[in-house]
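Read the structure below first, then the notes.
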Amino acid sequence: MGKRVLITGLLMGAILLPGQTWPEELPVLKSVHVDLPSGDSQFPGGADADAINNNCLACHSTEMVLNQPALPRATWEAEVHKMINAYKAPIDNADIAPIIDYLARTKGTD
């Protein structure tokens with residue numbers, strides 16, 4: 001066993017010698033500029049859209065939501081609760097029903 005330790009030590013010393021050469025130049029990181037679409041749009045509907053505008057636009061664009069297929073009310077309800085429970089969307093309890101109502105009214109099948 002002592003022989004193994006000696007051999008391992010010698011090999012490690014040879015690997016870590018100060019004369020070891022490193023690449024002369026490090027890779028250069030380049031910045032990338034990405035133009036994102038404007039997020040200024042609001043859900044249509046005036047006061048009826050306040051809850052969805054105040055809560056959902058933090059993560060979703062209006063286009064993303066309004067381009068979804070028409071879904072039953074129960075599916076929209078499940079989606080809103082998924083955003084709250086799985087993704088920790090900070091939606092006030094008082095805003096849950098108005099958001100579901102808005103989605104069911106504008107993108108619902110019922």
Side-chain angles (χ1 to χ4, degrees):
M1 181 158 140
K3 198 173 192 179
R4 284 187 188 172
V5 172
L6 180 61
I7 292 172
T8 303
L10 289 172
L11 287 173
M12 292 300 291
I15 292 171
L16 299 174
L17 282 175
Q20 184 175 3
T21 60
W22 297 96
E24 291 289 325
E25 294 182 31
L26 296 174
V28 177
L29 299 177
K30 296 179 182 177
S31 294
V32 175
H33 179 77
V34 177
D35 289 321
L36 297 175
S38 169
D40 295 340
S41 65
Q42 298 266 309
F43 288 95
D48 289 339
D50 283 349
I52 197 165
N53 281 321
N54 293 336
N55 290 279
C56 302
L57 290 177
C59 298
H60 302 292
S61 68
T62 57
E63 293 82 11
M64 181 264 182
V65 175
L66 296 176
N67 285 329
Q68 297 302 308
L71 301 169
R73 179 182 188 85
T75 304
W76 282 121
E77 186 170 357
E79 286 297 308
V80 170
H81 286 286
K82 178 177 72 175
M83 296 300 135
I84 295 166
N85 297 322
Y87 299 108
K88 308 300 181 210
I91 298 174
D92 188 84
N93 285 339
D95 289 336
I96 295 172
I99 291 171
I100 294 168
D101 290 344
Y102 181 88
L103 292 168
R105 186 173 52 257
T106 59
K107 294 298 296 182
T109 59
D110 297 340

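- The structure places CD1 of I91 at 4.5 Å from CD1 of I84, a figure rounded to the nearest 0.5 Å.
- Here the shortest heavy-atom pairing between A49 and P44 reads CB-O, 3.6 Å.
- In the hydrophobic clustering of this structure, M83 does not group with M64; members are Ile, Leu, Val, Met, Phe, Trp, Tyr whose side-chain heavy atoms approach within less than 4.5 Å, directly or through other members.
- Atoms NZ and CG, from K107 and L66 in turn, are 6.5 Å apart once rounded to the nearest 0.5 Å.
- In this structure, the separation between CZ on F43 and CD on E63 is 8.5 Å, given to the nearest 0.5 Å.
- Atom CD1 in I52 sits 11.0 Å away from atom CD in Q42 (nearest 0.5 Å).
- Across all non-hydrogen atoms, the minimal contact from N55 to P90 is OD1-O, 3.8 Å.
- Taken to the nearest 0.5 Å, the NE2 atom of H81 stands 10.0 Å off from the CD1 atom of I99.
- In terms of the side-chain hydrogen bond (donor to acceptor under 3.5 Å, both in side chains) criterion, T106 has no residue partners (sequence neighbours excluded).
- Note that CG of L71 is 13.0 Å distant from CD of E77, once rounded to the nearest 0.5 Å.
- Closest of all the heavy-atom pairs between S41 and T62 is OG-OG1, 2.5 Å.
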Review point. Yes or no on side-chain contact (heavy atoms from CB on, under 4.5 Å) for L103 and V65, after CA distance, side-chain angles and deciding distance?
Key: CA-CA 9 Å; L103 292 168; V65 175; 3.7 Å; yes
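- The hydrophobic side chain of V28 is isolated, with no ILVMFWY side chain under 4.5 Å apart from it.
- Among residues at least two apart or in separate chains, salt bridge (Lys or Arg N to Asp or Glu O under 4.0 Å) pairs with a member in residues 90-104 are R73-D101.
- The closest side-chain heavy-atom distance from E79 to Q68 is not below 4.5 Å.
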